[in-house]
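Each remark here refers to the structure printed beneath this line.
Positions are given from 1 along the sequence. When reading the values below, keep in mind they use all heavy atoms of this one structure, side chains included, and skip hydrogens, waters and symmetry mates. Read the numbers this way: they start at 1 and go in the same order the structure lists the ligands and their atoms.
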Amino acid sequence: MPNNEFSQIPMVDLKEELRLIRSPILETLTEVLDSGEYIFGEKGEKLENLVAQYAGASYGLGVANGTDALQLSLKALNIGPGDEVITTPFTFFATGEAIAQVGAKPIFVDIEEETYNIDPSKIEEALTQNTKAIIVVHLYGQVAKMNEIMKIAKTNNVRVIEDACQAIGTEYNGKRVGAIGDIGCFSFFPSKNLGAFGDAGLVVTNQRLLYEKVSKLRNHGSEKKYHHSSIGMNSRLDEIQAAILLVKLNYLDTFLGKRIEIAKRYTENFINLLKAPPISEHRNHTFHQYCIELDDRDELASELKNNGIASAIYYPIPLHLQKAFHYLHYKEGDFPIAEKTAKRILALPISPTLSVQKQDYIISTIKKFMKNNG
Ligand SMILES: *Cc1c(COP(=O)(O)O)cnc(C)c1O
């Protein structure tokens, strides 16, 4: 296939997605503009209820973004200076940043090769008297080993925050992520599986007390106007973003299904050539990213680029080796699996709107590369 067949295949094709939903989006935006209600209104409340319901949680609270969702969750659990929070070093920076932002200390635990998520068998050795919580990340949309993690948390009296920013709709033993631990965090950053047209996030929980705390904290520690009982934040999800998300929520399951379909085709084609993610019957992976692993990752990335196909590395530097975390005194070699994965991982385009022709073109380009280099 000539490489000018497609202008460019991006990682996510938000423009193509917009083509499908343009008219209901314009309609709802007009409604919000005419309502004169822009923060704390009908749309936001409806979204909170529907996302909570979708995740299987009793309560939902819109916040400004996924990072704030994590920070507010930590604060609601009274986590701060002197406390330790266990998490994975192989995640987006925000997971570790939120822990540091509330004044607590991030404690990293290496990942499993199989899921790229925190390895439950290594959590216990990282627990100390100061451990207050574990932030579990469902990376790329794949659920972490929640049974094991929840058991460790219960036994040791620590709380579990789910960073489900990449995993809305992912299922585990009949439950959905976000509602398995004590409190769950979603991001609606535009490129996420449910994306706004700006920043937005949401916290879900089954615990009334945590709901009340986040509710107050996101609004300057205030329940009653101009009465402030604690130091909070300004972290809200505005009506315009809520309205957009309400429209897009109607498409979420269809789009997740498409992602899984594309992932299945990829894996069927790659499985004997390189490390590709397994596809399960259950929806325990919703493929926010579809990542392969190989030795000559960088060579493949440039070959793809030469053929007009985008690819990306999530994430090239594990958190324990980030400059911002030098003060924690971790060093190269501390988390060998995370470090090895960072050198070998490559994400491929997986927009729900990616056509079969484009999928085939990506598959054949990779197969050709592997034949010549594998
Ligand atoms: C996107 C993301 C966040 C942060 O979400 P924002 O809405 O961008 O603040 C946190 N954790 C993970 C794993 C993410 O992918």
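Side-chain rings of Phe325 and Phe93 approach one another, their centers coming within less than 6.0 Å.
Contacts between Asn65 and ligand 1, counted as non-hydrogen atom pairs separated by less than 4.0 Å, involve both the backbone and the side chain. Using a 4.0 Å cut-off between heavy atoms, Thr95 contacts ligand 1 through its side chain alone, with no backbone atom that close. The proximity of Leu139 to ligand 1, defined as any non-hydrogen pair under 4.0 Å, does not occur for either the backbone or the side chain.
For a threshold of 3.5 Å applied to N or O pairs, the pair formed by Lys192 and ligand 1 contains at least one separation below that value. Considering backbone and side-chain atoms together, Ser187 places an N or O closer than 3.5 Å to an N or O of ligand 1. For Gly66, a nitrogen or oxygen atom sits less than 3.5 Å from a nitrogen or oxygen atom of ligand 1, counting backbone and side chain alike. Some N or O of Thr67 is nearer than 3.5 Å to an N or O of ligand 1, by distance alone.
Between atom 3 (C) of ligand 1 and the options Cys165, Gly96, Ala164, the minimum heavy-atom separation is to Cys165. Looking at Gln166, His288, Gln71 and measuring to atom 15 (O) of ligand 1, the nearest heavy atom belongs to Gln166.
Here the side chains of Tyr290 and Phe270 are in contact, with some heavy-atom distance below 4.5 Å. A 4.5 Å side-chain heavy-atom check between Asn234 and His220 finds at least one atom pair inside the cut-off.
Within the structure, the closest approach of His138 to ligand 1 does not fall below 4.0 Å when heavy atoms are considered.
Here the heavy atom of the protein found nearest to atom 13 (C) of ligand 1 is Asp163 OD2, 3.4 Å.
In this structure, Gln289 contributes its side chain and Gly141 its backbone to no donor-acceptor pair below 3.5 Å.
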